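In what follows, every chain begins at residue 1, and chains take the letters A, B, ... in the order their sequences are listed. Keep in mind the model is a prediction, meaning the values are calculated, not measured.
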Number of protein chains: 2
Amino acid sequence: MSLPRAKLVKNFPGCPVEATLTYLDGKWKGVILFHLMEGTLRFNELRRKLPAVTQRMLTKQLRELEECGLVSRTVYPVVPPRVEYAMTPLGMTLKPVIQALAAWGDDYVFCSPEGRELRLASDGLRAPVAALEA
Amino acid sequence: MSLPRAKLVKNFPGCPVEATLTYLDGKWKGVILFHLMEGTLRFNELRRKLPAVTQRMLTKQLRELEECGLVSRTVYPVVPPRVEYAMTPLGMTLKPVIQALAAWGDDYVFCSPEGRELRLASDGLRAPVAALEA
DNA sequence: TTTTACAGTATCCTTTTGGGTACTACGTAC
DNA sequence: GTACGTAGTACCCAAAAGGATACTGTAAAA
């Protein structure tokens with residue numbers, strides 16, 4: 001083990017937080033990992049869980065996750081094609097991270113009535129922030 | 001509390017993980033939050049901790065963090081100017097998230113000898129992955 | 001016989017993000 | 001009287017990310 005640990009790097013990415021975010025970065029990676037944490041999914045199954053993603057983007061994000069070893073891709077040579085995506089053991093180590101992200105999102109991120117805009121619980125001190133003081 | 005929770009949103013961002021990542025997204029937000037978790041910092045103090053950031057980018061990222069209520073900005077009307085950045089109570093609720101991200105980065109992200117490329121512990125099953133099996 | 005499902009590619013285009021450089025004002029130190 | 005440190009803006013440009021649309025091939029179903 002001769003490589004320096006990320007925490008020893010002083011320049012880029014600057015800190016282990018950035019190092020991790022590097023791998024979660026990409027518009028759909030978070031959701032993909034979130035769903036795959038609960039079990040193997042085929043390409044179109046995943047697509048149905050992400051109504052807004054295009055085929056191109058889903059493929060792209062999956063390939064990136066595969067390339068860095070977080071997700072595995074298994075092709076069954078049948079017709080019609082069957083391709084299964086699953087978390088690798090390394091990917092599974094992300095579980096606490098994904099859980100922390102999900103928990104915070106659940107507690108503090110709201111969706112505006114219009115639907116497409118996010119807001120944090122802070123404006124007006126809603127329940128989660130109040131819960132802080134309890 | 002009439003707004004629907006993020007977890008109820010079926011379209012965008014699709015899941016609470018993405019919702020949280022929305023706020024951490026930006027090349028320098030992770031490091032900034034990481035450093036501010038440990039205490040208030042002035043603009044140039046922060047800049048010194050992030051050797052590679054430009055003034056423009058640091059300002060931009062800080063403004064975004066301020067706008068969503070995670071970080072506060074206090075201007076002291078003195079010359080030369082003194083501006084302090086600190087986590088808000090809401091920002092502090094991110095601590096477990098930042099810690100989870102940092103822990104995973106520490107354990108699984110390595111830096112290649114050349115310096116600018118990241119790698120995950122998976123290739124060759126180094127210590128952290130081995131630790132999984134123990 | 002046409003359509004559907006599957007798992008993608010290829011091509012092009014727009015938007016967003018990030019970076020480089022120069023500039024500001026003010027007071028103090030040299 | 002020139003330079004330095006503070007905390008920024010303004011302007012422009014390059015690169016990366018993301019999205020729209022059309023296309024592929026095979027087998028089974030309608």
Residue-phosphate contact under 4.0 Å: A:Arg48 side-chain N/O, C:dC6 OP1/OP2: yes
Rounded distance (Å) that lies between atom P of D:dA20 and atom CG of A:Leu58: 14 Å
Can you tell me how far the CG atom of B:Leu65 sits from the OH atom of B:Tyr23, to the nearest 0.5 Å? 11.5 Å
Which part of the nucleic acid, if any, lies within contact of B:Arg47, taking any heavy atom under 4.0 Å across all strands shown: a base, the sugar-phosphate backbone alone, or nothing? nothing
For A:Lys60 and D:dG19, what is the distance between atoms NZ and P respectively, to the nearest whole Å? 9 Å
Minimum heavy-atom separation for B:Ala86 and B:Thr40, please, with both atom names. CB-OG1, 3.4 Å
Of the nucleotides C:dA7, C:dG19, D:dG8, which has the atom closest to the B:Phe43 side chain? D:dG8
Of the candidate nucleotides D:dT6, C:dG19, D:dG8, which contains the atom at the shortest distance from the side chain of B:Pro81? D:dT6
Please give, in whole Å, the distance from D:dT6 P to B:Leu41 CG? 13 Å
Looking at C:dT11, D:dA27, D:dA7, which one has an atom nearest to any side-chain atom of A:Val79? D:dA27
Between B:Arg73 and D:dG8, does any side-chain N or O lie under 4.0 Å from OP1 or OP2? yes
Think B:Lys27 has a side-chain N or O under 4.0 angstrom from the OP1 or OP2 of C:dG19? yes
For atom CG of A:Asn44 and atom P of C:dT4, their distance in whole Å: 15 Å
With a non-hydrogen cut-off below 4.0 angstrom, is A:Glu84 in contact with a base, only sugar-phosphate, or nothing? nothing
Less than 4.0 angstrom between a side-chain N/O of A:Arg56 and OP1 or OP2 of D:dC23, yes or no? no
At 4.0 Å (heavy atoms only), tell me whether A:Tyr85 reaches a base, stays on the sugar-phosphate, or touches nothing. sugar-phosphate
Under-4.0 Å salt bridge between B:Glu84 and B:Arg73: no
Taking the side chain of B:Arg42 as its heavy atoms from C-beta onward, which of D:dT6, C:dT11, D:dG8 lies nearest to it? D:dT6
Could you work out which one of D:dA22, C:dG18, D:dG5 sits closest to the side chain of A:Gln55? D:dA22
Identify which nucleotide among D:dG5, D:dG19, C:dG18 has an atom closest to any side-chain atom of B:Met57, counting heavy atoms from C-beta outward. C:dG18
Indicate the atoms forming the closest heavy-atom contact of A:Pro96 with B:Ala100, along with that distance. O-CB, 4.4 Å
Distance, rounded to the nearest Å, where B:Asp25 contributes CG and D:dA17 contributes P: 11 Å
Rounding to a whole Å, what distance do you find between A:Arg63:CZ and C:dG8:C1'? 7 Å
Identify the heavy atoms of B:Trp28 and B:Gln61 that sit nearest to each other, and give their distance. N-OE1, 3.2 Å
Determine the minimum heavy-atom distance between A:Leu58 and A:Val53, stating which atoms define it. N-CG2, 3.8 Å
Of the nucleotides C:dG8, D:dT6, C:dG27, which has the atom closest to the A:Thr59 side chain? C:dG8
To the nearest angstrom, the CD1-P distance between A:Ile32 and D:dG18 comes to 11 Å
Answer with base, sugar-phosphate or nothing: what part of the nucleic acid does B:Glu64 contact at a heavy-atom distance below 4.0 Å? nothing
Rounded to whole Å, NZ of B:Lys29 lies from P of C:dT17 at a distance of 8 Å
